[in-house]
2 protein chains.
Amino acid sequence: MRELSIVADIALNHAPRRRRAPAPEPIIQRLPLYLSCLQELLAAGKTHISSDDLGARVGICGALARSDLSHFGAFGVRGLGYEIDCLVSALEQVLGVNRKWDVVLVGAGELGCALALSAWFQDSAFRLSAIFDCDPRQTGRQVGDLTVALTSDAPGWVREHDVKVAILAFCSCDAQAVADLLIGAGIRIILNYTSRVLQVPPEVRVTQFNPVAALQEMVCHLGNGSTQPSAR
Amino acid sequence: MRELSIVADIALNHAPRRRRAPAPEPIIQRLPLYLSCLQELLAAGKTHISSDDLGARVGICGALARSDLSHFGAFGVRGLGYEIDCLVSALEQVLGVNRKWDVVLVGAGELGCALALSAWFQDSAFRLSAIFDCDPRQTGRQVGDLTVALTSDAPGWVREHDVKVAILAFCSCDAQAVADLLIGAGIRIILNYTSRVLQVPPEVRVTQFNPVAALQEMVCHLGNGSTQPSAR
DNA sequence: GTTTGTGAACGCATTCACAGCT
DNA sequence: AGCTGTGAATGCGTTCACAAAC
């Protein structure tokens with residue numbers, strides 16, 4: 001009777017083992033990168049990849065890629081590397097994206113619509129299931145195959161359909177209030193396009209998705225570096 | 001003759017000192033969060049804030065906030081906390097956002113337009129200075145006060161105007177090729193809305209801004225946690 | 001009494017190096 | 001020969017705890 005890892009026995013059929021620890025945050029942050037690269041490689045017809053190659057593609061060293069993957073089981077073959085489609089399945093399972101997740105989108109402005117109509121969520125694990133806006137004049141409008149409803153109806157919908165994931169894509173005004181209501185209704189994951197930094201209880205996860213903040217962080221390295229930001 | 005920190009002598013007028021080390025990455029990642037909160041507090045009329053309070057707002061402990069800020073100088077007053085507007089100025093300077101940065105936007109689809117028309121960049125350090133699209137039928141269209149040009153013209157523009165910052169907001173197809181051309185023309189910072197994971201030389205910074213990847217990462221904590229993703 | 005600035009302690013992620021498998 | 005899996009070592013960020021300042 002051997003120990004079994006939660007994931008890999010299903011993804012592969014040969015014996016994976018080891019660590020079932022909750023998986024460190026930094027590793028989890030890299031999994032989507034791996035997955036994205038691998039899906040691309042798969043689409044390009046590649047079948048195997050080495051840890052060094054994979055690492056290079058996501059900007060880390062090979063040893064780290066190996067170490068990361070080994071947290072979830074032994075997916076590689078010594079001398080050959082990793083079989084890509086196995087790895088894709090395994091990562092999808094680890095991430096929990098081998099099922100569908102309903103998502104509510106709050107904000108039907110330019111950005112909200114761009115998201116709703118984008119190709120991003122096609123073929124992803126995430127299905128936009130409702131769209132809301134606080135402006136009553138937007139109510140009833142069609143965006144793709146969704147109909148805009150009032151933001152005040154969002155908590156009810158979330159509760160009724162047991163939705164766990166929300167995207168906030170409206171102008172920042174009362175983002176915290178909206179978030180609080182959604183969390184109260186059962187939302188556990190928030191993708192926040194608002195410039196407001198949200199305070200949430202520990203069981204809720206937020207990702208700040210503000211382009212200006214992202215640019216600020218990167219510009220910092222430039223500004224204090226070699227390039228003197230003298231003029232312009 | 002005392003040592004002087006690069007930044008703080010200008011931001012404040014009393015003696016800041018200590019570390020002029022290049023500032024660890026994790027700290028820099030938090031600076032935009034601090035800044036955002038502080039600007040909000042400032043707008044709300046508050047003048048002072050303690051490290052504990054500031055920490056709570058960005059989801060970290062007070063000691064860490066203190067430690068972070070002290071890397072750039074001594075901005076606080078013991079017993080009182082930090083004077084918000086001083087801190088805002090100092091952070092803006094550290095981040096390098098007390099000047100204007102020209103930005104080129106590649107992609108004039110739903111998303112590109114949403115970005116161009118959004119309020120995000122108003123009053124920020126970033127000015128969208130040109131917008132490009134690979135579809136010739138888009139050429140000449142007005143988006144806000146910008147006129148869409150061909151993506152193939154982007155490298156020339158970047159070189160000519162010495163632009164360092166680019167935003168990629170088109171459907172993923174040949175994101176890497178576009179990125180390579182822009183980098184060749186002098187781009188050092190890329191905000192990548194594409195689902196393609198970009199490979200760039202070490203002097204270039206990329207932030208992946210793909211909502212699906214962000215959701216995947218967060219869902220992971222849910223899926224393997226207490227909530228069994230059994231049904232639906 | 002309150003709150004900062006900071007050295008010391010701790011814990012954790014990454015890298016290294018190599019044994020082991022193909 | 002090539003590449004994975006992994007323990008050991010390293011380096012680094014965070015937390016702790018307290019002296020100094022207001």
Side-chain angles (χ1 to χ4, degrees), chain A residues 2-3 5 7-8 12 14-31 33-34 38 46-84 86-87 90 217, chain B residues 2-3 5 7-8 12 14-31 33-34 38 46-84 86-87 90 217:
Chain A
R2 78 167 182 287
E3 303 189 340
S5 106
V7 168
L12 297 176
H14 63 273
R17 65 198 172 288
R18 295 213 331 123
R19 322 203 182 98
R20 46 287 184 66
E25 193 84 5
I27 296 185
I28 295 179
Q29 290 183 5
R30 282 186 293 269
L31 297 185
L33 296 179
Y34 295 140
L38 292 169
K46 285 202 64 171
T47 61
H48 291 265
I49 189 169
S50 72
S51 58
D52 280 344
D53 190 354
L54 181 58
R57 285 173 194 270
V58 307
I60 59 172
C61 78
L64 184 53
R66 286 202 298 282
S67 167
D68 283 356
L69 297 177
S70 76
H71 271 80
F72 308 103
F75 299 109
V77 180
R78 291 162 199 239
L80 274 173
Y82 297 85
E83 195 177 342
I84 295 177
C86 276
L87 208 44
E217 183 192 318
Chain B
R2 76 164 183 288
E3 302 189 341
S5 107
V7 169
L12 296 177
H14 63 273
R17 65 195 173 290
R18 293 209 336 120
R19 321 201 183 98
R20 48 286 184 66
E25 193 83 7
I27 296 183
I28 294 178
Q29 290 183 6
R30 284 187 292 270
L31 298 185
L33 296 178
Y34 294 139
L38 292 168
K46 285 202 63 170
T47 61
H48 291 265
I49 189 169
S50 73
S51 57
D52 280 344
D53 189 355
L54 181 57
R57 285 172 194 270
V58 306
I60 60 173
C61 77
L64 184 53
R66 285 201 298 281
S67 168
D68 283 357
L69 296 176
S70 77
H71 272 79
F72 308 103
F75 299 108
V77 180
R78 291 163 199 237
L80 274 174
Y82 298 85
E83 195 177 343
I84 294 177
C86 275
L87 208 43
E217 182 191 319

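Each chain gets a letter, A, B and so on, in the order its sequence line appears, and its residues count up from 1. As a basis for the values below, the full set of heavy atoms in this structure was taken, side chains included, without hydrogen atoms, waters or symmetry mates.
- Nearest approach of A/Ala90 to A/Phe75, heavy atoms of both residues: CB-CE2, 3.4 Å.
- One can place CG of B/Asp68 at 14 Å from C1' of C/dT6, the figure rounded to the nearest angstrom.
- For B/Ala63 and A/Gly79, each mapped to the nucleotide of DNA chain C holding its nearest heavy atom, the one lying further toward the 5' end belongs to B/Ala63.
- Note that the CD1 atom of A/Ile60 and the CG atom of A/Leu33 stand 8.5 Å from one another [nearest 0.5 Å].
- Whole-Å rounding puts the B/Arg66 CZ to D/dA19 P distance at 15 Å.
- In this model, a side-chain donor or acceptor of A/Arg78 finds a partner on the base of D/dT4 within 3.5 Å.
- Where B/Ser51 and A/Leu80 meet DNA chain C, the nucleotide closest to each residue was compared, and B/Ser51 sits on the side nearer the 5' end.
- For B/Pro26, the side-chain atoms get nearest to D/dG13 when compared with the rest of D/dG13, C/dT6, C/dC18.
- Per the geometry, CD1 belonging to B/Ile60 stands 15 Å off C1' belonging to D/dC16, to the nearest Å.
- Whole-Å rounding puts the A/Ile27 CD1 to D/dG5 C1' distance at 14 Å.
- The shortest distance between the side-chain N/O atoms of A/Tyr82 and the OP1/OP2 oxygens of D/dG5 is below 4.0 Å.
- Listed candidates were D/dT14, C/dT15, C/dT22. Nearest to the side chain of A/Cys61 is C/dT15.
- Nearest to the side-chain atoms of A/Ser70 among the listed nucleotides D/dT14, C/dA13, D/dG5 stands D/dG5.
- Put simply, CZ on B/Arg66 and OG on B/Ser50 are 9.0 Å apart, with the number rounded to the nearest 0.5 Å.
- From B/Leu69, atom CG reaches atom CD1 of B/Ile27 across 9.0 Å, with rounding to the nearest 0.5 Å.
- One interatomic measurement links the two molecules: NE2 of B/His48 to P of D/dC22, which rounds to 14 Å at whole-angstrom precision.
- Per the geometry, CG belonging to B/Asp53 stands 10 Å off P belonging to C/dT3, to the nearest Å.
- The side chain of B/Ser50 lies closest to C/dT4, out of C/dT22, C/dT6, C/dT4.
- Of all heavy-atom pairs spanning A/Tyr34 and A/Ala65, the tightest one is OH-CA, 3.4 Å.
- When the C1' atom of D/dT4 is taken as reference, atom CZ of A/Phe75 falls 13 Å away, rounded to whole Å.
- For the pair B/Asp52 CG and D/dT14 P, the interatomic distance rounds to 16 Å; values are reported in whole Å.
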